[in-house]
Amino acid sequence: MEIPVIKMDQLHGKKRSETLSLLHNACAQWGFFWLENHGVNEDLMNKMKDLVNKHYEQDKEKNFYSSEKAKILDYEKASSNVDWECSFMYRHQPKSNSHDIPELLRATVFEYAEEVIKLAQQLAAVMSENLGLDKDYIEKAFSKPSVGIKVAKYPRCSHPELVMGLREHTDAGGIILLFQDELVPGLEFLKDGKWIAIPPTEGNRIFVNLGDQIEVMTNGIYKSICHRVLPNKNGSRLSIATFYNPGADAIIYPAPKLTYPSQYRFQDYLNFYSTTKFSDKVSRFQTTKAILK
């Protein structure tokens, strides 16, 4: 299956309507897609990638392979509760933990977060527009959005059949923007009951997936999708995932405009239906809901 590709620059110009439609389908039918021409500085992305790899090789790799987690492979015994990853979390807003971040990365990860936030805001706006909501609906509903970056390496694994890189899950938050390895595969998403391999990144593409709160806020129109990471015996995989999430105190609920009407008498609906049978059903639901208020 061909994973949807959204070219962000085409949201400005003759292909805007077509691109909005592609994005809506990707969010509703897939829950994940590639972003191209996204505007995040490519030199900054390359610098981020190089520094993360350097930090891992200099400061983390040796310790990982001598850790208790890695010793499980010595016994060649499968484990269902071990994630074969080496990671740290950078919290950007509302309160930064930059003092916990390796000094080598501190300035670059801040700059990278600032750029990716702008991209997340653009996506939130066009997603809201596609749903017939005010363009700032998702951003306002997130109520002072929380932003963090999970920086991870999935180390080369001599026995990948014994562990998972990261066990299958959906993401708890909102919009996730992933900058990943250009050589080593491993990420898989569940689509129509089958695991779909996400290939390594080409040309600094960004991979986007939606979290649970987007599914709730859109009343199930957009989907959060189960995914996992498989370890690889031939190389270590890079993953830099930015999470654009609701603030901790945000109250999450389906957008009222997207919910079905409730508690109506079927005969009343039929009376209205008789004059609107050949119109759009969504408009009919919305009108029914308005009448019942």
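Positions are given from 1, in the same order as the sequence printed here.
Among the candidates Arg228, Lys60, Lys69, Lys150, the single residue satisfying the salt bridge (Lys or Arg N to Asp or Glu O under 4.0 Å) test with Glu85 is Lys150. When the options Leu23, Val126, Ile206, Val208 are evaluated for a side-chain contact (heavy atoms from CB on, under 4.5 Å) with Ile6, the one that passes is Leu23.
The shortest heavy-atom contact between Pro102 and Phe88 is CD-CZ, 4.1 Å. The two residues Asp181 and Val184 come nearest to each other via the heavy atoms OD1-N, 2.9 Å. Here the closest heavy-atom approach between residue Pro200 and residue Pro185 is recorded as CG-N, 3.9 Å. A pairwise comparison of heavy atoms in Trp195 and Glu168 identifies CZ2-OE1, 3.6 Å as the closest pair. A pairwise comparison of heavy atoms in Met164 and Val229 identifies CE-O, 3.6 Å as the closest pair. In terms of heavy atoms, Pro246 sits closest to Gly174 at CD-N, 4.1 Å.
A side-chain donor from one of Lys153 and Asn53 sits under 3.5 Å from a side-chain acceptor of the other. Under 3.5 Å, the side chains of Asn245 and Ser146 contain no donor-acceptor pair of N or O atoms. At a cut-off of 3.5 Å, with distance as the only test, no side-chain donor of Asn219 or Thr259 sits close to an acceptor on the other residue. Judged by distance alone, the side chains of His38 and Gln122 never bring a donor and an acceptor atom under 3.5 Å apart.
Here Asn37 pairs with Asp9 under the side-chain hydrogen bond (donor to acceptor under 3.5 Å, both in side chains) rule; sequence neighbours left out. Judged as a side-chain hydrogen bond (donor to acceptor under 3.5 Å, both in side chains), and not counting sequence neighbours, the contacts of Gln267 are Asn271. Contacts of Asp192 classified as side-chain hydrogen bond (donor to acceptor under 3.5 Å, both in side chains), with partners at least two apart in sequence or in another chain: none. Listed by chain and number, the residues in a ring-ring contact (aromatic ring centres under 6.0 Å, His included) with Tyr112 amount to none (sequence neighbours excluded).
With a 4.5 Å cut-off between side-chain heavy atoms of Ile, Leu, Val, Met, Phe, Trp and Tyr, the cluster of Phe243 takes in Met89, Ile176.
Pairs of residues two or more places apart, or lying in two chains, never qualify as salt bridge (Lys or Arg N to Asp or Glu O under 4.0 Å) while including a residue from residues 233-248.
Trp84 places a side-chain heavy atom less than 4.5 Å from the side chain of Pro155. Here the side chains of Leu210 and Lys223 are not in contact, with every heavy-atom distance at 4.5 Å or above. The side-chain heavy atoms of Gln180 and Leu187, taken from C-beta on, include a pair separated by under 4.5 Å.
Tracing side-chain contacts under 4.5 Å through hydrophobic residues (I, L, V, M, F, W, Y), one reaches Ile149 starting from Leu105; they form part of the same cluster. One hydrophobic cluster holds both Phe64 and Ile72 under the rule that ILVMFWY side chains link at heavy-atom gaps under 4.5 Å.
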ask   = Step by step, would you call Tyr222 with Trp30 a ring pair (Phe, Tyr, Trp, His ring centres under 6.0 Å)?
value = CA-CA 8 Å; Tyr222 290 170; Trp30 292 74; over 10 Å; no
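Atom NZ of Lys191 sits in a crowded spot, with more than 12 heavy atoms from other residues, nucleotides or ligands closer than 6.0 Å.
In this structure, the ring of Phe207 has its center less than 6.0 angstrom from the ring center of Phe189.
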